[in-house]
Protein chains: 6
Amino acid sequence: MITISRKAHFNAAHKLYRPDWTDEKNKQIFGKCSNQNFHGHNYELIVSLTGQVDPETGYVFDMGELKKIIKSEIEDYLDHKNLNLDIKEFSSINPSAENIAILIYNRLIKYFEKSYKLKITLYETPRNFVEYSG
Amino acid sequence: MITISRKAHFNAAHKLYRPDWTDEKNKQIFGKCSNQNFHGHNYELIVSLTGQVDPETGYVFDMGELKKIIKSEIEDYLDHKNLNLDIKEFSSINPSAENIAILIYNRLIKYFEKSYKLKITLYETPRNFVEYSG
Amino acid sequence: MITISRKAHFNAAHKLYRPDWTDEKNKQIFGKCSNQNFHGHNYELIVSLTGQVDPETGYVFDMGELKKIIKSEIEDYLDHKNLNLDIKEFSSINPSAENIAILIYNRLIKYFEKSYKLKITLYETPRNFVEYSG
Amino acid sequence: MITISRKAHFNAAHKLYRPDWTDEKNKQIFGKCSNQNFHGHNYELIVSLTGQVDPETGYVFDMGELKKIIKSEIEDYLDHKNLNLDIKEFSSINPSAENIAILIYNRLIKYFEKSYKLKITLYETPRNFVEYSG
Amino acid sequence: MITISRKAHFNAAHKLYRPDWTDEKNKQIFGKCSNQNFHGHNYELIVSLTGQVDPETGYVFDMGELKKIIKSEIEDYLDHKNLNLDIKEFSSINPSAENIAILIYNRLIKYFEKSYKLKITLYETPRNFVEYSG
Amino acid sequence: MITISRKAHFNAAHKLYRPDWTDEKNKQIFGKCSNQNFHGHNYELIVSLTGQVDPETGYVFDMGELKKIIKSEIEDYLDHKNLNLDIKEFSSINPSAENIAILIYNRLIKYFEKSYKLKITLYETPRNFVEYSG
């Protein structure tokens, strides 16, 4: 088994805020991430696939094909968007880095046969990142 | 003469959009940067000061003091903000990387004696950046 | 289960040297790392926590809280110190990258409930790093 | 158990091409990676070893020794080479990133006692990388 | 005046070799860079343009337009190529980093009005780079 | 004219402290950098040379030769050293980043003919750096 990884990125606005909480509680739990008018990030994404090397090509998975899947399913969907307002999955849950990684995993997993293992690494800032593998 | 530089960063939402233009013209000129609900970036900032080395300390300028000035004048002012809605300087001009760099320069220059030369480098994404020195 | 990570850093002096060995043996085993008057590093630290996402906040653990814990327990304790002379844990063992990672793990693990898994990644230089998870 | 890692790099030319396929099929499967006259990369390599800390030295493995092994077995063998024409292992299989990582693993594993676990991470570009651990 | 910069990259094979010299002299002057069968690099390119900010857009130059020019003039021309065999400008001069930077400058300068100043920064490896501004 | 640059690095211990000042004044001016037992850094160095391209080789200066000069004059002299105790130039002045950059410039300038311009960039940490060109 071998793991291949492809990096991508997208820029988006978001805030962390629960409408069923008071502004004070939002401020207390989410700090400046709850600021009313949103802030934003350059999200850096690493998509990793673990599988066996095809002896004919030397590939675990065609990296060009993987790049296209990430482009159409993730970059086109999230880039230059407001995650709270524009992305339906975040109408009822917060676009925390954790939840964005889970969304990305769920949008990508359908493209790969069950023998592959998928892992998502998402940098929200150069100092904060999350990893999710289902 | 020697130049010292200090890196800092802030996260913010913005969009590029002129209200005196039609949506079509905004789309044509600013592309997806004009999307209505904003997007955002991790802005990476480098503040550079050129001056003479103080023979007593070996410093051009106290790096700890420079760090504090950047914190109070730039990070506290721009971090986790919506540049279009929250920052008064951008009520009438677009928060392009160029204009943000000029704003940062103008907010910092007053802290340094005239013998110093100030330069601002601002990364909007890991692939796009601007430099301004007055 | 999802993993969140936070980066931090500290600068310190150290040397690798066993007083119960001759200088020759120290030189042979530890090379220039045994130089008498110490050398130093910018240590880059990644603290990773694996746990479940809280459905209310979308967080595995509050990143701001994690940042504070790292600040008070690790940065304030190790930054701008001489690891051999100033840090009691290294009075009898060598401050190798491996042993520093174990010290960091042991100082942090008490802050997290048992359901969390903690992992320490420590860069001694951009080219050398260690990982420890208990 | 603790993991230590050492980074290294080498530059090489390669192409992905199967002589038993038509040029059309090579182009269809390998895209521009099959261009006749080769292209090349700065390969960034991370060699990771998992083992127990020696209580006498504080080392899992001597990093200076590991650096020498990587130099003589990998850098001297692959640096400034044409992987297809100069490296015998690639006379019959394609020098894909996956196959290069496997070659590196196989050339290094003999240096370490069975109690160690070896892992190879190989960046073909800053955006594409593979991991292999036997 | 303000400077904007855009990063791009391409992968290529090359060697440094003068056919009018003996192999010995090539080896003496160019070292392993003269190896017969080529080696290669991930070239990282920074294109910088200095000009005045357009008060209407806040732009020195449209970054999306600059990205397209770099794509069509440089990436499509040099990416996945053998610089010695495939690029006509290098039929008679060596594809050293210096000469590649000059070629890039010469291919791009025609796109910008004379009031702009163009600068090329080209990384041949993460440790070696050149800068050229005409 | 074209500029070539080469990166290198060294690790060293230092402190900023004037023996003619009280401990209190040292603490006030130099902060934790004045801690008695030293701290340390991974210094990242960029040496830049500006000159004309030799039409015969395509080189401004032989990068392999430059690497050797940096190795023998700077890395061998400063790596794994205590700058205050082991380096004679710092017996009477403070090893601030500014003064280290000047020392590096002065040790290197003698190797290059007067037609070359030399510039030193020195990172003390990933967030602090200085530039000096005579």
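Sequence lines set the chain letters: A, B, ... in the order given, protein chains first and strands last, and positions in each chain run from 1. All values reported here derive from a predicted model rather than from experimental measurement.
- Heavy-atom contacts from other residues, nucleotides or ligands closer than 6.0 Å to CD of E56(E) number more than 12.
- In this structure, F30(B) has its ring center no closer than 6.0 Å to that of Y17(B).
- No other option in N94(B), N99(B), N128(B), L122(B) has as many heavy-atom pairs under 4.5 Å with chain E as N128(B).
- Other residues, nucleotides and ligands contribute at most 12 non-hydrogen atoms within 6.0 Å of the CD atom of Q52(E).
- In this structure, the portion of P126(B) lying under 4.5 Å from any heavy atom of chain E is its backbone and not its side chain.
- Ring geometry for F129(B) versus Y123(B): interplanar angle under 30°, hence parallel rather than tilted (30 to 60°).
- Both the backbone and the side chain of I29(B) come within less than 4.5 Å of a heavy atom in chain E.
- For chain B, the nearby part of V53(E) is the side chain; its heavy atoms alone come within less than 4.5 Å.
- With a 4.5 angstrom heavy-atom cutoff, I46(E) touches chain B only via side-chain atoms.
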task = Could you please spell out the steps behind the salt bridge (charged side-chain N to carboxylate O under 4.0 Å, His left out) verdict for K68(E) and E73(E)?
result = CA-CA 8 Å; K68(E) 275 186 215 159; E73(E) 274 298 323; over 6 Å; no

